[in-house]
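Just so it is clear: chains get the letters A, B, ... in the order the sequence lines come, proteins before strands, and each one is counted from 1.
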Amino acid sequence: MQDLMKKIVSLCKRRGFVYQSSEIYGGLKSAYDFGPLGVELKRNIMNAWWRDMVHRREDVVGIDASIIMHPRVWEASGHLAGFADPLVDCLVCKERFRADKAPTADEGAAVTLTFADKGVAKRALEIVEKQFGVVLERDGKDLKGAVAGDRGYLCPNCGSPWLSAERQFNLMFRSSLGATDAMDGVAEAIEQGALEGLAGRDLRAKLDELMKPSAVYLRPETAQAMFVQYDNVLQSMSMKVPFGIAQMGKSFRNEITVEHFIFRSVEFEQMEMEFFCEPGTDDAWMDYWRDERMKWWKKFANEPDKFRLRPHEPDELAHYAKGCYDVEYLYPWGWGELEGIANRTDYDLGKHAKYSGQKLDYFDPTERKRYVPYVIEPAAGATRGLLVYLIDAYHEEEVDGETRAVLRLHPQLAPIKVAVLPLTKKDGLPELARKVVDAFFRRGINAKYDEQHSIGKRYRRHDEIGTPWCLTIDPQSLEDGTITIRDRDTMEQRRIAIDGAVREVEDLLHQEA
RNA sequence: GCGGGAGUAGCUCAGUGGUAGAGCGCGACCUUGCCAAGGUCGAAGUCGCGGGUUCAAAUCCCGUCUCCCGCUCCA
């Protein structure tokens with residue numbers, strides 16, 4: 001199975017889909033560049049998404065927001081919490097909290113863990129026994145018999161003493177806005193002795209205070225811009241709820257671990273849509289978008305069965321979400337996320353209303369009522385989509401004892417739509433072939449003229465990069481004005497008129513999806 | 001974060017202290033003319049990077065970077 005990933009990574013580099021970032025300098029961890037074919041594939045995926053989510057609907061409009069936003073946005077959204085404070089995870093209930101705000105407990109003190117209900121308490125009992133080898137005694141929703149450790153505090157949610165180490169979580173990339181370096185202020189403070197005697201958490205807090213006036217952050221998701229600009233879009237476009245705002249673009253996250261080639265990287269591209277609807281209609285819209293998005297991924301796939309929907313368990317839901325489905329794909333290493341469709345309720349608009357002091361509620365003129373819309377968010381990974389469709393398309397088969405590698409990409413996703421090949425380099429065949437390829441260029445169809453090496457090699461080269469059709473100009477073309485068109489997947493050929501070649505390919509291209 | 005593996009030509013890899021190699025790919029020419037054909041010639045390597053041991057290091061030692069795998073973590 002891992003062979004498959006190795007082959008794909010190798011093909012990506014060899015044929016110009018994906019390169020390691022800054023490779024001549026030794027490479028940069030978890031950053032990748034898209035080559036000439038990769039950028040085509042990625043754009044084709046993103047354009048198909050935009051076409052289906054925005055252009056083919058009248059209830060969704062798009063925006064393209066700046067990557068750097070007002071820092072208060074991230075305070076409101078909750079992303080900034082914990083940036084300066086050590087965070088701790090409870091290993092039992094998964095709550096993440098600030099160590100300095102947690103309830104205190106002396107080492108050795110008896111501790112009782114308390115949960116929302118008996119069911120959750122039962123699960124916690126098993127976790128503690130399995131992971132920490134301690135058998136507690138359950139009494140209803142309480143667990144008794146635990147002892148506080150030397151940390152001096154407990155989980156504020158369940159009271160557990162089983163906690164992760166204190167860590168600074170810098171989820172977001174911090175930068176500074178302004179031509180003067182924020183470090184100047186720090187240097188000055190040191191010279192003036194303002195940091196004298198400070199240590200640990202206090203020093204950290206003082207430094208943050210000095211950096212804060214110029215601190216800005218690279219967005220960790222595109223979503224917040226849609227909430228922040230919700231009212232502008234509503235007013236300027238005369239939108240009526242229900243409606244959606246879509247956006248594609250880069251996001252940045254300092255992931256704890258990066259893995260699986262471009263699957264999880266610190267810089268990645270998202271395709272997100274926030275759909276604003278009336279509370280009470282949100283469950284129906286959730287079902288609608290869940291099904292729409294699933295259908296969308298499957299329609300470009302060779303193996304639709306490798307996509308599935310997985311509802312989040314109640315205990316893995318984000319704090320703001322009422323419900324969430326993941327679109328998952330069966331990667332070579334197992335099922336993994338591709339898109340999340342979440343019911344974010346009125347959490348984000350409510351938070352931004354509170355932090356900005358602006359009214360973000362909606363007045364329905366026909367129903368004559370006022371409410372803060374609920375939001376259904378289908379948030380897809382564009383870079384993950386690229387990886388998924390490469391894996392889905394990669395195929396090897398035996399042809400006359402040789403292995404044929406072919407990328408069975410959906411024609412609308414294929415980087416190059418058509419290869420134009422003179423059978424040989426003689427007898428005027430290249431000249432005629434040039435005329436054919438020019439006709440495609442004039443129509444804006446990404447075509448490729450190729451006369452290098454034997455015809456068999458050229459077919460295989462284009463199979464490997466997913467070119468759906470090869471047009472071959474042979475001596476007969478000079479006589480009767482016909483050429484052959486070869487199908488990538490079946491390798492079958494038929495003769496068509498040169499004059500109708502562009503039309504033929506356009507028809508094939510628009511046939512599906 | 002922990003553990004394991006890897007890094008030598010564009011790709012896949014061989015090379016265990018003594019002259020840097022193969023296959024494929026790439027370029028030119030010839031041949032050929034519909035599914036990775038053949039021939040001739042050619043270009044291409046800071047052996048990941050830095051330091052050390054040695055008369056001598058791709059090879060041994062230390063550090064470091066990057067990638068892969070497993071666990072952990074994260075959403």
Between [N] and [M], how many Å separate the two [atom1] atoms, rounded to a whole number?
| N | M | atom1 | result |
| --- | --- | --- | --- |
| B/A6 | B/G48 | C1' | 11 Å |
| B/G7 | B/C13 | P | 9 Å |
| B/A22 | B/G63 | C1' | 33 Å |
| B/G4 | B/U40 | C1' | 48 Å |
| B/G25 | B/G10 | P | 16 Å |
| B/C29 | B/G18 | C1' | 40 Å |
| B/U53 | B/U72 | C1' | 38 Å |
| B/A75 | B/C69 | C1' | 22 Å |

Can you name the residues that form a salt bridge (charged side-chain N to carboxylate O under 4.0 Å, His left out) with [X], not counting sequence neighbours?
| X | value |
| --- | --- |
| A/Asp291 | none |
| A/Arg461 | A/Asp450 |
| A/Asp474 | A/Arg495 |
| A/Glu272 | none |

Checking ring-ring contact (aromatic ring centres under 6.0 Å, His included) against A/Phe275, which of A/Trp285, A/Tyr230, A/Tyr374 comes through?
->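 Testing A/Phe275 for a ring-ring contact (aromatic ring centres under 6.0 Å, His included) against A/Trp285, A/Tyr230, A/Tyr374 leaves exactly one candidate, A/Trp285.
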What is the distance, rounded to the nearest whole Å, between atom [atom1] of [X] and atom [atom2] of [N]?
| X | N | atom1 | atom2 | result |
| --- | --- | --- | --- | --- |
| A/Phe263 | B/C74 | CZ | P | 16 Å |
| A/His260 | B/A75 | NE2 | C1' | 14 Å |
| A/Phe268 | B/C74 | CZ | C1' | 13 Å |
| A/Glu396 | B/U12 | CD | P | 14 Å |
| A/Glu23 | B/C65 | CD | C1' | 13 Å |
| A/Arg310 | B/A75 | CZ | P | 14 Å |
| A/Ile341 | B/A75 | CD1 | C1' | 15 Å |
| A/Leu28 | B/G48 | CG | P | 20 Å |

Centroid-to-centroid, A/Phe263 to A/Phe261, below 6.0 Å?
->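 No, the ring of A/Phe263 stays outside the 6.0 Å limit from the ring of A/Phe261, centre to centre.
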Which nucleotide sits closest to the side chain of A/Lys29: B/C68, B/U66, B/C74?
->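 The nucleotide sitting nearest to the side chain is B/U66.
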Return the nearest nucleotide to the side chain of A/Gln20; candidates are B/C67, B/C26, B/C74.
->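 For the A/Gln20 side chain, the nearest candidate turns out to be B/C67.
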Complement of [N], any strand, by Watson-Crick or G-U distances under 3.5 angstrom:
| N | value |
| --- | --- |
| B/C34 | none |
| B/C73 | none |
| B/A9 | none |
| B/A28 | B/U40 |
| B/U54 | none |
| B/C49 | B/G63 |

Please work out which of the three classes, parallel, tilted or perpendicular, describes the rings of A/Trp297 and A/Phe307, given edges at 30° and 60°.
-> parallel
What class does the angle between the rings of A/Trp74 and A/His79 fall in, given that below 30° is parallel, 30 to 60° is tilted and above 60° is perpendicular?
-> perpendicular
5'-most by nearest nucleotide on RNA chain B - A/Lys13 or A/Val9 =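 With A/Lys13 and A/Val9 compared, the 5'-side residue is A/Lys13.
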Quick one: on RNA chain B, does A/Glu337 or A/His453 contact a more 5' nucleotide (nearest heavy atom)?
->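 It is A/His453 whose nearest nucleotide is closer to the 5' end.
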State, to 0.1 Å, how close A/Cys155 and A/Pro103 come at their nearest heavy-atom pair, and which atoms those are.
->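 Here A/Cys155 and A/Pro103 meet closest at O-CG, 4.2 Å.
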Is the distance from OP1 or OP2 of [N] to the nearest side-chain N or O of [X] less than 4.0 Å?
| X | N | value |
| --- | --- | --- |
| A/Gln452 | B/C26 | no |
| A/His312 | B/A75 | no |
| A/Lys6 | B/C68 | no |

Contact pattern, 5' to 3', of nucleotides 30-37 of chain B - B, S or - by protein heavy atom under 4.0 Å | ---BBBBS
Which residues, if any, of residues 429-439 of chain A bring a heavy atom under 4.0 Å of RNA chain B?
-> none
Does a side-chain N-to-carboxylate-O contact under 4.0 Å join A/Arg503 and A/Asp507?
->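 Salt bridge present between A/Arg503 and A/Asp507.
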Verdict with reasoning, A/Asp480 to A/Gln476, per side chain to side chain donor-acceptor pair (under 3.5 Å) = CA-CA 6 Å; A/Asp480 65 3; A/Gln476 187 183 335; 2.8 Å; yes
Do A/Tyr449 and A/Val436 have side-chain heavy atoms sitting under 4.5 Å apart?
->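 No; the side chains remain at least 4.5 Å from each other.
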